[in-house]
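Computation of the quantities below employed the complete heavy-atom set of this structure, encompassing side-chain atoms and omitting hydrogens, waters and symmetry-equivalent molecules. Small disclaimer: the values here were computed from a predicted structure and weren't measured. First the proteins, then the strands, lettered A, B, ... as listed; each starts at 1.
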Number of protein chains: 2
Amino acid sequence: MLNLPGYAEQVRSNHDFVKLGERVDHSCLIVAGVVGRFDQDSQGNRQIIALHIPGDMADLHSAVQPEVTSALQALSTTTIVRIPHSAILSAARTYPTLGEALWRDCMADSAILAEWVFNVGRRDAKKRIAHLICEIAVRVGAAPANGMIMFPFPLTQTHVGDAAALTPVHVNRTVQALRREGLVDIGKNVKINDWGGLVAAADFDDRYLHLSTKPKRVPLIH
Amino acid sequence: MLNLPGYAEQVRSNHDFVKLGERVDHSCLIVAGVVGRFDQDSQGNRQIIALHIPGDMADLHSAVQPEVTSALQALSTTTIVRIPHSAILSAARTYPTLGEALWRDCMADSAILAEWVFNVGRRDAKKRIAHLICEIAVRVGAAPANGMIMFPFPLTQTHVGDAAALTPVHVNRTVQALRREGLVDIGKNVKINDWGGLVAAADFDDRYLHLSTKPKRVPLIH
DNA sequence: CGCTCTGTTGATTAAATTCAAGAGTAGTGG
DNA sequence: CCACTACTCTTGAATTTAATCAACAGAGCG
């Protein structure tokens with residue numbers, strides 16, 4: 001087993017722990033919480049371009065590209081471990097198969113990014129939010145219980161808007177519509193009453209998540 | 001110098017040379033022409049999620065993730081060379097630094113993808129198309145001549161719409177507006193009259209292209 | 001208790017889509 | 001060489017979706 005160095009660190013909600021423009025010498029493993037990767041323009045308009053959940057290396061790519069062009073912000077109270085690039089790269093050099101796995105992990109994130117371009121570009125508000133919820137449900141590994149899928153959801157409607165490229169007002173109305181239709185209740189928890197219906201409404205196809213090649217999540221060894 | 005196997009192949013315009021759902025055992029180097037990476041939904045709505053120009057490995061990522069989740073289509077008459085994954089991966093295993101470079105190359109594409117999420121999500125039609133043109137101008141390495149930047153542009157307005165997530169009708173009106181304002185003339189050639197003005201109109205910041213770490217384009221050794 | 005943040009509602013406005021049709025251009029085959 | 005077809009670009013009008021503006025209510029926290 002790899003014994004990567006690093007120490008756990010708490011990040012407050014809405015705090016940037018990797019900032020635009022800096023040059024980093026480590027990648028961040030998310031241990032708990034939810035983090036958003038943000039891009040912004042010169043007027044300060046922000047867009048979440050990726051969401052990361054526990055088990056994700058939110059910026060593994062920085063190992064080969066240390067200039068930060070999108071910030072990482074905690075969207076809830078979050079625990080991270082900063083892992084030095086030196087450790088990652090030397091391990092990858094020693095075990096080329098590991099290097100390939102890290103590369104593959106980055107490409108899994110990239111495939112999600114591609115789907116987000118489609119999501120934001122081609123789907124209307126309802127499909128877009130439904131699709132986002134489907135993706136998160138699969139990624140967190142939410143399992144049905146009592147005919148319902150439920151998982152904690154610390155994001156605000158504003159966060160959802162930042163991810164789906166919609167205004168908070170429009171997110172609110174769309175979330176209400178999804179609730180009224182009995183598909184999904186998006187609150188402090190997401191409660192999916194009708195997974196099949198939600199998948200259909202979102203036109204969700206999980207192939208882009210490459211679930212078969214995705215490594216199982218392993219508990220953190222410190 | 002690497003001596004990767006492969007033979008040149010002509011692809012007709014509008015032809016998919018890597019198809020959705022297949023499993024590939026090679027990556028495609030673009031030698032000439034322009035190719036689009038397409039995602040689509042069950043209704044057949046299409047979205048270009050990436051553009052590739054000569055010198056790009058359009059689907060290098062398939063070396064570590066061979067299941068095709070987005071198709072590659074020639075947007076003009078195109079020449080490609082198919083390079084076996086076996087050759088790429090064994091070279092990467094032998095020379096870990098090369099493996100890192102390939103990984104880095106994939107991450108450069110990923111950074112562009114991230115910018116596209118922002119582009120499609122947060123910019124209006126004019127900024128969006130202007131931004132796309134700025135990006136392509138930089139990537140093809142277009143240089144000013146006679147106070148004007150000009151390069152061939154084989155894409156149709158429909159292609160631009162597929163990339164910018166706009167209808168062809170709206171692309172047309174927006175392209176005309178950009179022409180009227182003297183910023184850029186988008187036709188069989190792109191003619192940029194006012195680079196500074198276009199950059200400002202697009203809110204374009206080339207940092208996401210990581211130009212400093214981008215390897216210089218080398219002529220193909222066969 | 002008062003502040004801030006989040007969610008909610010209504011009215012208005014703006015941006016982009018949709019629908020429909022016509023004009024120009026290039027390529028194909030007779 | 002011309003007729004025919006397909007594609008691209010263009011225009012106008014009507015419609016739809018989402019943004020904007022403006023308030024207010026409730027929850028949580030110091």
| remark: The nucleotide from dT17(C), dA18(D), dT9(C) with an atom nearest the side chain of Q176(A) is dT9(C)

| What is the distance from CZ of R173(A) to P of dT16(D), rounded to the nearest Å? | 18 Å

| said: Less than 3.5 Å apart, any donor N or O on the side chain of H159(A) or T156(A) sitting next to an acceptor on the other? | reply: yes

| task | Can you figure out which of dT10(D), dT8(C), dA18(D) approaches the side chain of N172(A) most closely? | result | dT8(C)

| request: Identify whether any heavy atom of V175(B) sits under 4.0 Å from a base atom; if not, whether one sits that close to sugar-phosphate; answer base, sugar-phosphate or nothing. | output: nothing

| query | Nearest to the side chain of D124(A) - dA19(D), dT17(C), dA18(D)? | reply | dA18(D)

| query | To the nearest 0.5 Å, what is the distance between CZ (F153(B)) and CD1 (I136(B))? | reply | 4.5 Å

| query | With a 3.5 Å cut-off and no angle check, do the side chains of H131(A) and R123(A) form a donor-acceptor pair? | reply | yes

| request: Would you mind reading off the bend of the helix from dC1(C)-dG30(D) to dG30(C)-dC1(D) from its two end axes, five pairs each, to 10 degrees? | output: 40°

| note | Note: for Q157(A) and R122(A) on DNA chain C, the residue whose nearest nucleotide lies more 5' is Q157(A)

| Those residues of residues 125-133 of chain B lying under 4.0 Å from DNA chain C by at least one heavy atom | A125(B)

| Considering only dT17(D), dT6(C), dA19(D), which nucleotide approaches the side chain of T156(A) most closely? | dT6(C)

